[in-house]
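These numbers were taken from a predicted model, which means no experiment stands behind them. Every chain is numbered from 1, with letters handed out A, B, ... down the list of sequences. Because only heavy atoms are used, hydrogens play no part in the values below, and waters and symmetry mates are left out as well, while side chains stay in.
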Amino acid sequence: MESRLYRLRHSASHVMAQAVLEMFPEGKLAIGPAIEDGFYYDFDLPRTLNPDDLVAIERRMREIIAANYPFVRREVTPDEARRIFANQPYKLELIEGLVSGSLTEDGEVAGAGGEATVTLTTYRHDNFEDLCRGPHVESTGQINPDGIKLLRVAGAYWRGDERNPMLQRIYGTAWETAEELEAYLKRLAEAEKRDHRRLGTQLDLFSIHPDQLGGGLILWHPKGALIRHLVEDFCKREHLAHGYDLVYSPHIGRSALWETSGHLSYYRENMYAPMEIEGQQYYLKPMNCPFHILIYKSTLRSYRDLPLRFAEWGTVYRYERSGVLHGLLRVRGFTQDDAHHFCRPDQMPAEIDFVLNFSLYLLRSFGFDEFSAYLSTRPGERKAVGDVEQWRAAEQALEDALKRSGIPYEIDEGGGAFYGPKIDLKVKDAINREWQLTTIQFDFNLPERFDLTYMGEDGQPHRPYMVHRALLGSMERFFGILIEHYGGAFPVWLAPVQAVLIPIADRHRDYARQVVAQMKAAGLRAEVDEGSDRMANKIRKAQEQKIPYMLIVGDREVEAGTVAVRLRSGQDLGPKPLGALIAMMQEVIAAKATV
RNA sequence: GCCCUCGUAGCUCAGUGGGUAGAGCACAUUCUUGGUAAGAAUGGGGUCACCGGUUCAAGUCCGGUCGAGGGCUCCA
């Protein structure tokens, strides 16, 4: 993290802070680190900033850069630091944190350190001095004035805690050259073009109606619903082929169930208010697990029955604060591709291996092929349920499975939930953004609470292991990610309309309809563009809808019994006999490929 | 929930220092029957998010409510 770019950005952050303080001499500084692609600085200011302020600040930054002030590092004692920053309460708080060894310069909690050994450093350029570990570039002139840009102002809590004062954060970006800045801004624009909310409207996939329906609740339009159907259908077949049983459960359940499961104690703030039915309280389900457990418990289970894998595309409802809702990615009602595995201890390692590989197989089928993982282990003694050996065995199984899979992983020590360790799988999308999808989670809590058992070989009841997992996560979120991954240009097997027939003149419509009928009979999704546009405009419209195959038919094609094939890539394949086209498309579909 | 910004036609957006609402796309009708990313004309469509205030007059100014976007926090 001390690369040249890092120093550049960190230095740009200091330059910005100077410019802001000149504008607001009574302003207070919080922290201002370099981040991926840029930097920010948090301020406590007498008034709120507006976009014009950013322009002025940026202009002043260029002047400071042009003056080429050197960055001067110096070491100070805690007392000196306290004097320097006497008017900067946030800095003082950081200093006390550093002195007591509980904080790093970034305001993050660190391990304990010794008071005596503390050395503080500051960096000064011109008349601006900031508490800072560094490093920086040598002088402000090393920042390229054409490589920086202030992006936006946002609210941020001091130390990220909402009980603390809200500060104003200015985000900026900094690059070594104007070209790199340009490229970065272009990447942002590219990401915006892929935004699933924009494409959702443009391609007529889904809609959200906060006023009439409610925020975080999704309406799947026919084309979006078709894609979801294809995704689910494929996954369900694969689940059935891989030893899962499908189950269904209702959307509500009595309070007693949620009391037994512990959700009312531990998860209540994410649950909606209960409804009363004949004097009993019922809750909308935030999770499917208790239902699957009741299925498990509905009969006496033998060790011979295990492992059991109950899968359900279960729709759950969770309260999310209004400010966090975001398109399909963060909603209040969603459908998980949920499953619960129940197995014997001796089956556990194989079970984890299986589910990890199964997940990778499914994700690859949807065009994701770069993965990384997090293994989250046992949290501090007090918080964790279950005995230590169980945890160790489970963690070992998870890590062994990761090792065998060859996926790069990191261990989040103590990051597991109180009820079990877990693996989170992340995928990289087409423009290199990471998304967390799969989660594979041990649960030592629910089997205990529901007293789950199976009859062992020894004729004695034993406690099964329980693993909770969602592979794509939720259908809503996964769909959003899929839209952005493909930029709306879905692979042929998922394209809602696979081919559009474009008759050149009205007299070619009948032929076009016949072609569509034959394609439909072959299991393909095709339709005729019956509009009155000219051919070129029909191509344009099909292109905008990202339809993979455009089939133009005019006199020549009717005559020869062919279609002229144009791909959405722009490639013109020329005339093809219908049979050959159908075979070609079926091949692409079977390979889950794209065109 | 909190901070900032925003809310005008189905979509994308214009609307000058307050003076009776506009464009492109989409849609409909008509003309055109055109060979690989926009043929033309005409037309329908808006209680300018909602409520209140200032004013002779409010899309425009002020206050509130609701909603959205970007963040913070949280998370599938």
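- Asn537(A) has a side-chain polar atom (N or O) that falls below the 4.0 Å cut-off from OP1 or OP2 of G39(B).
- Paired runs in RNA chain B that reach 3 or more consecutive Watson-Crick or G-U pairs, where each pair keeps both distances under 3.5 Å, cover B:1-7 with B:66-72, B:10-13 with B:22-25, B:27-31 with B:39-43, B:49-53 with B:61-65.
- Within the cation-pi definition used here (under 6.0 Å to the ring centroid, within 45° of the axis), Arg9(A) qualifies as a partner of Trp175(A).
- Across the protein-nucleic acid pair, Arg330(A) atom CZ and A68(B) atom C1' stand 17 Å apart, rounded to whole Å.
- Among the heavy atoms of the strands, none lies under 4.0 Å from Phe478(A).
- The nearest whole Å value for the distance from the CG atom in Asp533(A) to the P atom in U36(B) is 16 Å.
- The separation between Asp42(A) atom CG and G71(B) atom P is 14 Å, rounded to whole Å.
- Under the 4.5 Å side-chain criterion, counting only non-hydrogen atoms from C-beta, Leu362(A) is in contact with His239(A).
- The C1' atoms of G7(B) and U47(B) are separated by 16 Å, rounded to the nearest whole Å.
- Contact check of residues 421-429 of chain A against RNA chain B (heavy atom, cut-off under 4.0 Å) returns no residues at all.
- With respect to Arg433(A), the salt bridge (charged side-chain N to carboxylate O under 4.0 Å, His left out) criterion is satisfied by exactly one of Glu36(A), Glu370(A), Glu484(A): Glu484(A).
- In this structure, Lys428(A) fails the cation-pi test against Phe371(A), since its NZ or CZ atom is not both closer than 6.0 Å to the six-membered ring centre and inside 45 degrees of the ring normal.
- Residues Gly574(A) and Gly327(A) both approach RNA chain B. Their nearest nucleotides, taken by heavy-atom distance, put Gly574(A) toward the 5′ side.
- Judged by distance alone, the side chains of Asp429(A) and Trp435(A) do bring a donor and an acceptor atom under 3.5 Å apart.
- Residue Gln543(A) is classed as a base contact, given a heavy-atom separation below 4.0 Å to a base.
- Only the P atoms considered, A21(B) is 23 Å distant from C13(B), to the nearest whole Å.
- Classification of the Phe234(A)-Tyr361(A) ring pair by plane angle, with boundaries at 30° and 60°, yields tilted.
- Under the 6.0 Å cut-off for aromatic ring centres, Phe39(A) and His10(A) do not qualify, their centroids lying 6.0 Å or more apart.
- Between G53(B) and U60(B), the two C1' atoms lie 15 Å apart (nearest whole Å).
- In this structure, Ala470(A) reaches neither bases nor backbone, as no heavy-atom distance under 4.0 Å exists between it and the strands shown.
- Stacking here means ring centres nearer than 5.5 Å and ring planes tilted less than 30 degrees, and by that measure Phe334(A) stacks onto A76(B).
- G24(B) and A9(B) have their P atoms separated by 16 Å, given to the nearest Å.
- Taking the six-membered ring for Trp and thresholds of 30 and 60 degrees, His292(A) and Phe310(A) have ring planes more than 60 degrees apart, a perpendicular arrangement.
- At the heavy-atom level, Gln441(A) lies nowhere under 4.0 Å from the strands shown.
- Using a 4.0 Å heavy-atom distance criterion, Asp506(A) is classed as a base contact.
- In Tyr267(A), the OH atom is crowded: over 12 heavy atoms of neighbouring residues, nucleotides or ligands sit closer than 6.0 Å.
- Below 30°, between 30° and 60°, or above 60°: for Phe479(A) and Phe206(A) the angle between ring planes is above 60°, a perpendicular geometry.
- The distance from atom CH2 of Trp158(A) to atom P of C3(B) is 20 Å, rounded to the nearest whole Å.
- Across all strands, Ala564(A) comes closer than 4.0 Å to base atoms (heavy-atom distances).
- Between Lys541(A) and Asp529(A) there is no salt bridge, since none of the side-chain N atoms of the basic residue sits less than 4.0 Å from a carboxylate O of the acidic one.
- Rounding to whole angstrom units, CZ of residue Arg534(A) and P of U33(B) are separated by 10 Å.
- Mapped onto RNA chain B by nearest heavy atom, Gln436(A) and Thr201(A) fall at different nucleotides, with Thr201(A) at the one closer to the 5' end.
- Remark: Arg152(A) is positioned above the aromatic ring of Tyr171(A), its terminal NZ or CZ atom under 6.0 angstrom from the ring centre and at most 45 degrees off the axis.
- If you take atom C1' in C27(B) and the same atom in G44(B), they sit 9 Å apart, rounded to whole Å.
- A salt bridge between Glu413(A) and Arg378(A) is absent, with no side-chain N of the basic residue lying under 4.0 Å from a carboxylate O of the acidic one.
- Among the protein residues, His508(A) comes within range of no part of the nucleic acid, since none of its heavy atoms lies under 4.0 Å from any strand.
- Listed nucleotides: U73(B), C72(B), G69(B). Nearest to the side chain of Arg321(A): U73(B).
- Nucleic acid contact class of Arg507(A) (heavy atoms, under 4.0 Å, all strands): sugar-phosphate only.
- Between Glu320(A) atom CD and A76(B) atom P the separation is 9 Å, expressed in whole Å.
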Summary of protein contacts for nucleotides 40-51 of chain B, nucleotide by nucleotide, where a base hit scores B, a sugar-phosphate-only hit scores S (4.0 Å, heavy atoms): ------------

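- Nucleotide A37(B) holds its P atom 7 Å from the CE atom of Met535(A), rounded to whole Å.
- Taking the P atom of each, U8(B) and G59(B) are spaced 15 Å apart, rounded to whole Å.
- Dense packing is recorded around CZ of Phe24(A), with more than 12 heavy atoms of other residues, nucleotides or ligands lying under 6.0 Å away.
- Going from atom CG of Leu325(A) over to atom P of G1(B) covers 9 Å, rounded to whole Å.
- Using C1' as the reference atom, U16(B) and C74(B) are 45 Å apart when rounded to the nearest Å.
- For the P atom pair drawn from U42(B) and C4(B), the interatomic distance equals 48 Å after rounding to whole Å.
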